[in-house]
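A short write-up of the structure that comes next.
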Amino acid sequence: VFFLKVQGLFPPHSPSAMDPSGQVGLLLETLMKTIENIDAMPLKDPDEQDDFLLSLHNSLGAMHVIQLEVPVLMRAAKTQVAEGCPSNGYRSLLLILSRALAKIQTVLDGFLENRTKFFYRLAPARELMRDFGCGALRTLARVFKLASAVATSSTDDSLFLSFEKEDEKRHVLDELRVMERECFFGSALGFYYPSSVQLFLKGVTLALAGYSAGFQRTASISHGHAVAASGRFLFNSKEKAKQIVSVLREENIDFVKAFWNLVDTTPARHLGKIVAPSVDVNRTIALTVSHDLLKSEAGRVSFEPLGAADAGWVLINEENEAENDDESSALTTPSSALPSLPAASSATPRAAPASAAAAASSTHSPFPSSTHPTHSPSPRAPAPAAAAVAAVTDDGLEVADELKDMDVHPPEPIASTADVQDCSRGTNDEWVLEQMETFGTVNVRLMSLHRRVGQLVNMSTIAAGGHKPSDGLIVHFHGGGFVAQSSQSHEMYLRYWAKQIDVPILSVDYSLAPEAPFPRALEECLYAYRWATSNLSKLGTTGSRIVLTGDSAGGNLAMAVALRCITENIRAPSGILLSYPALNLQLNISPSRLLSVFDPLLPQAVLLTCLTAYTSTHAEAFTSRDPFISPAFAPDSWLLKLPPVYLAVAGLDPLLDDSVQFARRLQGLGKPVTLRVFEDLPHGFLCIRPSGGEHVREANDVCVAWIKEILGI
């Protein structure tokens, strides 16, 4: 609270705080005058005077640099926005600068007020100016210069700067790597967030520092040792900051996966059951590829709502979550209806990524022959292929896959969309089956507040009772940077949705990169969506209206699935809700992407690591404009066929500009799109409920209201 509620200068949630562009100039001038006044004063402790004054002078120099760039960013913050939502990365940078200046001003005001008192010591103010004020302002000065370059160099009012020369991109990325970061991860961590979010971030970064310290020594670490290692950083914010910056510079995919998967591999995975609403149905189901399913017409009607379709499933039951929460369900079909599936091979080491040249080409590269584990760290062999739905538990499955070339030709740059060829496939059922047959299973989680008649729960009986089928269905893809987490790690907000909306939710546990790079996750999500539209009664719904939703990486997959529905004449969802999605996987620079220099949840190295893992090409070399990888590059002819799109995004998120730019394109095409930017929240805000406070609750309520609007509730 002390970091943000600044004695009337810039209260974080007052009306003035919502318009940082009107505050920056005043704050800069006020702080500069304060520093000049202090410079002329005799200090009580001469021994500390030189160090303190040096920090003040360095801060003053950085502010002069920032002052030159502020007018450019202020103009861009007001012009390069989506209609009805005056937010973009420029505005976010100005907001962070305003709160940094206000924090420093508060400290110096305290110094001026108390410096003559007997018990006052200069050391706290001196240390803050040295460790935060000076370092943060120097970093912000360099970030503002890059943002100004984006504003003046980007064409067509784009928020993204595309590099024509490779050496230009390398120069900018090298500049970002060497910027000071430790000042943002120490005692002033998350100073620009609300206090409830700050507390959450302090817990996350403490765990990150402790876990990484052990991981760097042994490449693996027990949870008990991680907790013990965290203790040394509890009261030493400087060491914590150094440790975090050190591990993030390594761009280690194994560490990123291990740390982010802690929410699935520790008792934290049960947190949703404790603090979130209970549900009657919460089951993990494994779906096996079926010729009959893929040839069913239920999944091939464009845009019109359909009723339930019987795909041959014969066993249904209902079960109480309190007794068997998270247990697996199994369902069978006649064996004659099933294709011959390959047996799963034993676990093998992770395959090396495909070459950069292959992954960046205009067609998708074939995958290496390897097994691709699902979300759990301890995979086991799948059930025999004779069953259409195999039992699966949280221990997971491991199945072999070796996918063939895809003949998708990504469009040329958007300026030439008139020449984009049609990517529809005349024999797409056979094509999809070729891609899917070697998957073995696709894992999904069915969640429902109430047991409903006909709902798939286990393999023993058919439910005669329960609530009537719902008219709506939510199909959900979880986030995690394409490399980590699961439907279970996202149960926290899914349980709230199940209670507040009261329709079944089907969340897909797609395979993770780098073991299963693009397009594996997309194919599994598409298959699960088609299975859902062909088996609506088994989910407890008539499927009159379907919401397709995802957060972060899941938002990318949700939009990609919607585009596949359009290009392959598959029934489209009634509406799409994307939460802080990653829509442009090229490593282009935008003002919000510059936030990754000091973002505690999505720092630059993590962003690079995830993009590299999913595309099988180092992020710096990835140039593909395939719209199924980066939906931001979808041609206008595809976007015109989209159902209504809703975007819930964070104002302090490196991915903010992905959504703002996408919303502007849809608005320009006259498509129904709703964009809401929650300016005080970080990336991943849905997953930090309930600790995120009122701001996260508000964002969740907005998402719930949008889903109800799509469903006609």
Side-chain angles (χ1 to χ4, degrees), residues 181-191 193-272 274-276 375-377 478-481 483-486 488-493 552 596 598-607 609-610 652 681-693 696:
R181 286 174 168 79
E182 291 181 10
C183 52
F184 291 96
F185 291 95
S187 59
L189 173 75
F191 65 90
Y193 289 114
S195 56
S196 57
V197 177
Q198 287 183 44
L199 185 61
F200 168 79
L201 293 177
K202 288 179 180 179
V204 170
T205 53
L206 185 64
L208 174 61
Y211 191 82
S212 64
F215 193 92
Q216 286 178 320
R217 291 194 300 268
T218 65
S220 64
I221 181 174
S222 69
H223 302 146
H225 288 156
V227 173
S230 299
R232 59 182 273 221
F233 301 112
L234 186 59
F235 301 105
N236 194 332
S237 59
K238 290 183 182 179
E239 287 299 316
K240 181 186 76 171
K242 289 180 180 179
Q243 177 61 36
I244 292 173
V245 171
S246 171
V247 71
L248 291 181
R249 282 176 176 162
E250 297 177 3
E251 299 182 20
N252 186 335
I253 182 60
D254 295 323
F255 171 75
V256 172
K257 288 174 69 73
F259 180 72
W260 279 6
N261 275 328
L262 288 178
V263 292
D264 281 319
T265 59
T266 68
R269 67 183 181 274
H270 301 300
L271 187 61
I274 300 172
V275 302
H375 294 74
S376 289
H478 67 81
V483 303
Q485 301 189 356
S486 67
Q488 187 176 39
S489 63
H490 287 61
E491 272 193 35
M492 183 68 72
Y493 71 84
S552 191
S596 64
F598 43 77
D599 188 84
L601 293 177
L602 199 58
Q604 180 190 10
V606 171
L607 190 61
T609 300
C610 294
L652 300 172
L681 291 181
H683 184 81
F685 55 75
L686 288 177
C687 293
I688 66 177
R689 184 174 183 173
S691 60
V696 173

ask   = Heavy atoms, side chains only, cut-off 4.5 Å: are Val696 and Leu681 in contact?
value = yes
request  = Side-chain contact test, heavy atoms from C-beta onward, threshold under 4.5 Å: evaluate it for Val204 versus Pro600 and give yes or no.
outcome  = no
Compare every heavy atom of [Y] with every heavy atom of [X], then report the nearest pair and how far apart it is.
| X | Y | value |
| --- | --- | --- |
| Leu601 | Trp260 | O-CZ2, 4.1 Å |
| Val245 | Phe185 | CG2-CD1, 4.1 Å |
| Tyr211 | Leu262 | CE1-CD2, 3.8 Å |
| Ala209 | Phe233 | O-CE1, 3.5 Å |
| Cys183 | Ala188 | O-CB, 4.3 Å |
| Thr609 | Ala605 | OG1-O, 2.7 Å |

In Å and rounded to the nearest 0.5 Å, what is the [atom1] to [atom2] distance from [X] to [Y]?
| X | Y | atom1 | atom2 | result |
| --- | --- | --- | --- | --- |
| Glu491 | Asp264 | CD | CG | 9.5 Å |
| Ser195 | Lys202 | OG | NZ | 9.5 Å |
| Ile244 | Leu206 | CD1 | CG | 8.5 Å |
| Phe598 | Phe191 | CZ | CZ | 7.0 Å |
| Arg181 | Asp599 | CZ | CG | 11.0 Å |
| Ser196 | Leu201 | OG | CG | 9.5 Å |

ask   = Ser552 and His683: side-chain donor and acceptor closer than 3.5 Å?
value = yes
Parallel, tilted or perpendicular: rings of Phe255 and Phe259 (30°, 60°) = parallel
task = Please confirm whether the backbone N or O of Ser489 pairs with a side-chain atom of His478, one donor and one acceptor, at under 3.5 Å?
result = no
ask   = Distance-only, no hydrogens or angles: does the Glu182 side chain make a donor-acceptor pair with backbone N or O of Lys242 under 3.5 Å?
value = no
key: From CA spacing to verdict: side-chain contact (heavy atoms from CB on, under 4.5 Å), Met492, Val275   = CA-CA 8 Å; Met492 183 68 72; Val275 302; 3.5 Å; yes
